[in-house]
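Scroll down for the structure; my scribbles are underneath it.
Reckoned from all heavy atoms, side chains included, excluding hydrogens, waters and symmetry mates.
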Amino acid sequence: MTGLIRKDLYCLRKGLKTFILVSIGVIVLSVLFILSARYGNIAKGIEEMKIENNMGEKEFYAYYQGVIWCVLVLPMSFLGIIAECFKEDKKAGFFKPLLCLPLSEGKIVGSRYIASLLLAGISLGDSLLAGFFVSLVSDVFPLQKLIGYILCLNGALLVYMSLQMFLTYAFGAEKADLIQCIPLIILLVFFICFFQRNIAGLTDEEFTSYFTGIVNDISDFMIHKCGFVFLIAIGCMGLSFLGSWALFRKRRGDI
């Protein structure tokens, strides 16, 4: 089982190199952004934008939070590269030799889920590190608030990874790319339809107020419900593992 975990991590070596570089870049850029937003050119641009667009502190803070979310979620977005393990196994014709290994179905499937959780743990740790540095140079983003954001975002991505892995076991590695894209496309279409329905005919000031309200509601949810979201994510991973285990066991029994 340990060998299978090492094999999966080896399959991800190219993605992990990119992940490490992006992670370092995120930490550096997040700190530079906050410093510039307080003392540098971004701070000057912000003041000009407030004057030109008549933007208040509350409205600006909402946009500011959106930028921070994007920064913190970047390292965690690499969770999707776990699909590379399925594609590499398919390319190497490893499925049949895998079935011949003297390991139970639970250990074979579990090794991939453990590898995915190791990847999730690394990405979570990097985001927490980035959040820590942001909190050191920012008065408006204390570490406790950033931890809430990170846990909630990580939980949402774990749910996505749970669904992705289960569907890949269900429909095969050849459909891994499609499986990765479909949830994202559905989410994108939902947001487009939602915003078109709710912002049609709004003036710039009304849109700014509406957007600010949504961002603040999401922020409050992430801060106060982060633990709940993270527990749901762990539950989804458990259900995904059980479902994938059952599918793999059935497929092994059919051969």
Side-chain angles (χ1 to χ4, degrees), residues 1-2 4-9 11-12 15-16 19 23 69-70 72-90 94-95 98 103-128 147-191 218 221-222 225-252:
M1 184 175 179
T2 305
L4 290 177
I5 296 172
R6 287 201 300 266
K7 176 193 71 67
D8 284 348
L9 295 177
C11 287
L12 299 174
L16 287 174
F19 166 74
S23 298
W69 293 346
C70 292
L72 295 177
V73 81
L74 263 178
M76 295 184 287
S77 65
F78 276 81
L79 292 180
I81 66 173
I82 194 67
E84 293 300 317
C85 295
F86 293 96
K87 291 189 281 187
E88 289 296 326
D89 283 354
K90 179 70 176 178
F94 187 65
F95 183 67
L98 182 65
L103 293 172
S104 67
E105 294 85 357
K107 288 184 177 180
I108 293 174
V109 175
S111 66
R112 180 140 301 168
Y113 275 81
I114 290 173
S116 68
L117 288 175
L118 287 174
L119 183 63
I122 294 171
S123 63
L124 176 62
D126 184 77
S127 291
L128 288 171
I147 289 174
Y149 291 163
I150 291 166
L151 288 178
C152 200
L153 291 169
N154 188 263
L157 288 170
L158 280 176
V159 172
Y160 166 70
M161 188 167 69
S162 302
L163 179 63
Q164 173 191 340
M165 293 182 70
F166 173 73
L167 292 177
T168 304
Y169 272 107
F171 298 104
E174 60 275 5
K175 295 184 176 63
D177 289 331
L178 181 62
I179 290 168
Q180 274 186 298
C181 294
I182 286 177
L184 299 177
I185 292 172
I186 293 173
L187 192 62
L188 179 62
V189 171
F190 169 78
F191 277 114
I218 294 174
F221 176 84
M222 293 170 75
K225 302 294 184 181
C226 59
F228 178 69
V229 172
F230 198 73
L231 287 176
I232 288 178
I234 297 300
C236 287
M237 283 295 290
L239 291 174
S240 176
F241 165 70
L242 292 174
S244 299
W245 181 13
L247 289 170
F248 188 82
R249 190 173 185 178
K250 182 178 184 302
R251 186 172 298 179
R252 195 179 198 180

Non-hydrogen side-chain atoms of Phe166 and Leu247 separated by less than 4.5 Å: yes
Of the non-hydrogen atoms in [X] and [Y], which two are nearest, and what is the gap between them?
| X | Y | answer |
| --- | --- | --- |
| Gly155 | Ala233 | O-CB, 3.2 Å |
| Asn154 | Ala120 | ND2-O, 4.0 Å |
| Gly172 | Ile179 | O-CD1, 4.4 Å |
| Leu151 | Cys226 | CB-CB, 4.0 Å |

Qualifying residues under side-chain hydrogen bond (donor to acceptor under 3.5 Å, both in side chains), relative to Ser240, sequence neighbours excluded: Tyr113
Spatial distance of atom CG (Leu153) from atom OG (Ser127) [nearest 0.5 Å]: 8.0 Å
Nearest-0.5 Å distance, CE of residue Met237 to CE of residue Met161: 4.0 Å
side-chain contact (heavy atoms from CB on, under 4.5 Å), paired with Leu124, selected from Leu119, Ile150, Leu117: Ile150
N/O donor-acceptor pair under 3.5 Å between Ser244 side chain and Phe241 backbone: no
Can you name the residues that form a side-chain contact (heavy atoms from CB on, under 4.5 Å) with [X], not counting sequence neighbours?
| X | value |
| --- | --- |
| Ala156 | none |
| Leu118 | Ile5, Leu9, Ile114 |
| Phe221 | Cys152, Lys225, Val229 |
| Leu242 | Trp245 |

Residue pairs, two or more places apart or on separate chains, that pass side-chain hydrogen bond (donor to acceptor under 3.5 Å, both in side chains) and touch residues 160-171: none
Qualifying salt bridge (Lys or Arg N to Asp or Glu O under 4.0 Å) pairs with a residue from residues 108-127, counting only residues at least two apart or across chains: Asp8-Arg112, Asp89-Arg112
